[in-house]
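Following: one structure in structure tokens, then a few remarks.
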Amino acid sequence: MNIENKDSFVDLFLEHYLDRGFGSLSKSEIDTLVMHLLMEHSDLKFKSNYELSLDLQITEARIKSIKHKAKLQFLEEPDDYIKAEFFALLHNSKLQAESRQGEPGKILMVIEDSFVKQGVQGKLKALGHFADNSFNSEIVKISQLSFIDLLESFFTPEERQDFINDVNEVMPDSNAIEFKALLKSFLSGVASKSGEKVVDLGAAFATGGVSELSTLTESIKGFFTPVE
């Protein structure tokens with residue numbers, strides 16, 4: 001592995017290790033601390049749990065457990081982390097079109113990070129929705145309605161209004177369309193336009209170093225701009 005900043009890694013380790021007195025941390029607490037530092041200061045943070053299990057020579061289940069404990073203990077802004085990871089995961093997500101029987105379409109995501117998955121599920125529950133991961137614990141299915149409500153909850157009223165104003169400038173219909181209606185129309189249009197049962201959503205939600213809402217705004221504006 002490659003440690004990006006060894007001095008910072010060592011300083012932070014000693015700060016936490018000595019916080020309650022030398023030798024006071026249990027083995028489990030030391031493991032959690034080291035995992036946190038590796039995820040912050042090494043190239044291991046870019047690897048999957050399976051790859052980490054091979055590199056660190058422990059089971060994938062234990063990797064998940066220690067990473068989860070590390071986030072619970074050390075994350076200072078968990079909501080910001082969940083939001084950032086959620087939008088990063090959307091880059092590889094899929095849109096499942098409506099079935100012939102009229103069953104609403106779903107967003108399919110692979111969420112390996114149990115902390116993020118529980119955070120997303122908690123937000124959905126607070127909104128009166130739920131995600132289905134009964135088939136596979138890491139594959140999460142979110143209905144389009146639930147997905148739209150979830151996206152709305154990630155942004156402030158001011159951000160949503162800026163989004164509405166920006167997108168409505170290019171809408172062929174002169175009547176202004178609200179946040180949820182815009183997203184619903186966009187998702188339905190993407191599914192219909194492709195003609196496929198499952199569509200990649202990566203282009204719409206890739207972060208690319210800019211804000212999540214800016215990327216989404218430009219994607220939707222491009223979709224609705226009339227072809228001359």
Side-chain angles (χ1 to χ4, degrees), residues 1-94 106-126 130-142 150 154 198 200-202 205-209 212:
M1 75 185 73
N2 178 42
I3 304 296
E4 296 168 355
N5 189 329
K6 294 181 179 179
D7 288 341
S8 179
F9 187 101
V10 173
D11 288 345
L12 287 170
F13 176 82
L14 289 175
E15 176 186 338
H16 288 287
Y17 184 80
L18 298 173
D19 183 52
R20 302 199 309 258
F22 187 89
S24 61
L25 292 185
S26 66
K27 180 183 181 302
S28 175
E29 290 174 318
I30 293 173
D31 289 346
T32 302
L33 171 59
V34 172
M35 181 65 76
H36 165 68
L37 293 174
L38 288 175
M39 293 300 101
E40 290 290 317
H41 298 282
S42 84
D43 54 359
L44 292 183
K45 62 186 173 185
F46 302 113
K47 295 191 174 185
S48 68
N49 288 337
Y50 171 72
E51 292 171 320
L52 286 174
S53 71
L54 296 179
D55 288 341
L56 302 181
Q57 300 180 40
I58 58 177
T59 65
E60 191 172 349
R62 190 156 177 241
I63 290 288
K64 292 179 182 179
S65 175
I66 299 174
K67 285 175 67 176
H68 188 78
K69 289 179 182 177
K71 291 182 176 68
L72 287 173
Q73 183 173 346
F74 295 106
L75 272 182
E76 296 181 358
E77 299 292 342
D79 286 343
D80 290 344
Y81 174 80
I82 290 168
K83 176 182 176 181
E85 289 297 304
F86 178 78
F87 277 93
L89 290 169
L90 282 178
H91 181 58
N92 294 312
S93 65
K94 309 286 185 182
K106 291 181 172 62
I107 309 299
L108 309 180
M109 303 180 68
V110 176
I111 307 182
E112 191 179 61
D113 187 329
S114 61
F115 186 86
V116 174
K117 184 176 69 176
Q118 289 180 11
V120 169
Q121 290 173 327
K123 281 185 170 291
L124 284 170
K125 184 177 180 181
F130 68 93
D132 178 16
N133 63 338
S134 55
F135 177 74
N136 183 307
S137 62
E138 293 182 355
I139 299 177
V140 177
K141 295 183 179 182
I142 306 173
L150 181 61
F154 278 125
V198 179
D200 288 333
L201 280 180
F205 294 102
T207 54
E212 299 91 351

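Being a predicted model, the structure only gives us computed values, none of them experimental.
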Task: Residues L52, K67; criterion side-chain contact (heavy atoms from CB on, under 4.5 Å); working and verdict - done: CA-CA 11 Å; L52 286 174; K67 285 175 67 176; 4.0 Å; yes
When rounded to the nearest 0.5 angstrom, what is the spacing between [atom1] in [X] and [atom2] in [Y]?
X    : Y    : atom1 : atom2 : result
L44  : M39  : CG    : CE    : 5.0 Å
L14  : F22  : CG    : CZ    : 9.5 Å
S93  : F86  : OG    : CZ    : 8.0 Å
D132 : F130 : CG    : CZ    : 6.5 Å
T59  : Y50  : OG1   : OH    : 13.0 Å
S42  : M35  : OG    : CE    : 9.5 Å

Which heavy atom of [X] sits nearest to which heavy atom of [Y], and what is that distance?
X    : Y    : answer
L33  : L25  : CD2-CD1, 4.3 Å
S24  : Y17  : OG-O, 4.5 Å
A131 : L124 : CB-CD1, 3.7 Å

Task: Residue pairs, two or more places apart or on separate chains, that pass side-chain hydrogen bond (donor to acceptor under 3.5 Å, both in side chains) and touch residues 109-123 - done: H68-S114, K71-D113, Y81-D113
Any side-chain heavy atom of [X] within less than 4.5 Å of one from [Y]?
X    : Y    : result
I139 : M109 : no
S53  : I63  : yes
K106 : I142 : no
V140 : V120 : no

TODO: Give a yes or no on whether the backbone of L38 and the side-chain of K45 come within a donor-acceptor separation of less than 3.5 Å.
DONE: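 Side chain of K45 to backbone of L38, a donor-acceptor pair under 3.5 Å: no, none is there.
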Task: Polar side-chain atom of T32 near backbone of S28 as donor-acceptor pair, under 3.5 Å - done: yes
Open item on the list: Within the supplied structure, the quantity of interest is the number of heavy atoms (other residues, nucleotides, ligands) at a distance under 6.0 Å from Q57 CD; does it exceed 12?
Closed with: no
Task: salt bridge (Lys or Arg N to Asp or Glu O under 4.0 Å) partners of residues 31-40, not counting sequence neighbours, each pair once - done: K27-D31, D31-R62
Could you go through residues 2-13 and list every donor-acceptor pair under 3.5 Å that involves a side-chain atom there, pairing it with any protein atom two or more places apart or in another chain?
unit_1, atom_1, unit_2, atom_2, d
N5, OD1, D7, N, 3.4
N5, OD1, S8, N, 3.0

TODO: Test I111 against E138 for side-chain contact (heavy atoms from CB on, under 4.5 Å), laying out the working first.
DONE: CA-CA 5 Å; I111 307 182; E138 293 182 355; over 6 Å; no
Task: Among R20, Q73, H16, the one residue meeting side chain to side chain contact (heavy atoms under 4.5 Å, CB included) with E29 - done: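 When side chain to side chain contact (heavy atoms under 4.5 Å, CB included) is applied between E29 and each of R20, Q73, H16, only R20 qualifies.
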